[in-house]
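The block underneath contains the structure these notes are about, expressed in structure tokens.
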Amino acid sequence: MEASESLESRVAALEDRNKRVELDKAWETSWVRRLLVALLTYAVIASYLQLVVGISPWVNAVVPTAGFLMSTLALQVVKRKWVERLVKPGPS
């Protein structure tokens with residue numbers, strides 16, 4: 001009896017962990033996260049350019065922010081190709 005309860009609790013713990021991992025993965029790939037990071041990147045760079053460098057930041061801060069967004073899109077393509085290469089069986 002005790003072994004089956006222990007097994008059930010272990011399975012329940014694994015299922016809970018899997019749900020957390022799936023939610024974390026969904027957050028990492030979400031557009032909400034990307035846009036939030038882009039907005040925060042823009043705000044930090046614009047503030048830096050205004051306060052430290054002393055130039056008009058509003059247009060200049062777009063460049064690194066756009067670079068960030070483009071890199072997130074490019075990384076998905078690279079990851080997809082990498083996974084395909086990893087999963088594809090080699091010649092036998």
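Atom CZ of R17 sits about 10.0 Å away from atom CD of E22, to the nearest 0.5 Å. Within the model, atoms CG of N18 and CZ of R20 stand 9.0 Å from one another, a figure rounded to the nearest 0.5 Å. Taking CH2 from W31 and CG from L69, the interatomic distance works out to 7.0 Å, rounded to the nearest 0.5 Å.
In plain terms, the two heavy atoms of T65 and A38 that are nearest each other are CG2-O, 3.4 Å. Nearest heavy-atom pair, F68 versus R34, reported as atom, atom and distance to 0.1 Å: CE2-O, 3.6 Å. Contact between E28 and R33 at its shortest, heavy atoms only, is O-NH1, 3.3 Å. Scanning both residues, A61 and A46, for their nearest heavy atoms gives CB-N, 3.8 Å.
Residue V37 is tested with L39, T41, L35 for a side chain to side chain contact (heavy atoms under 4.5 Å, CB included); the sole match is T41.
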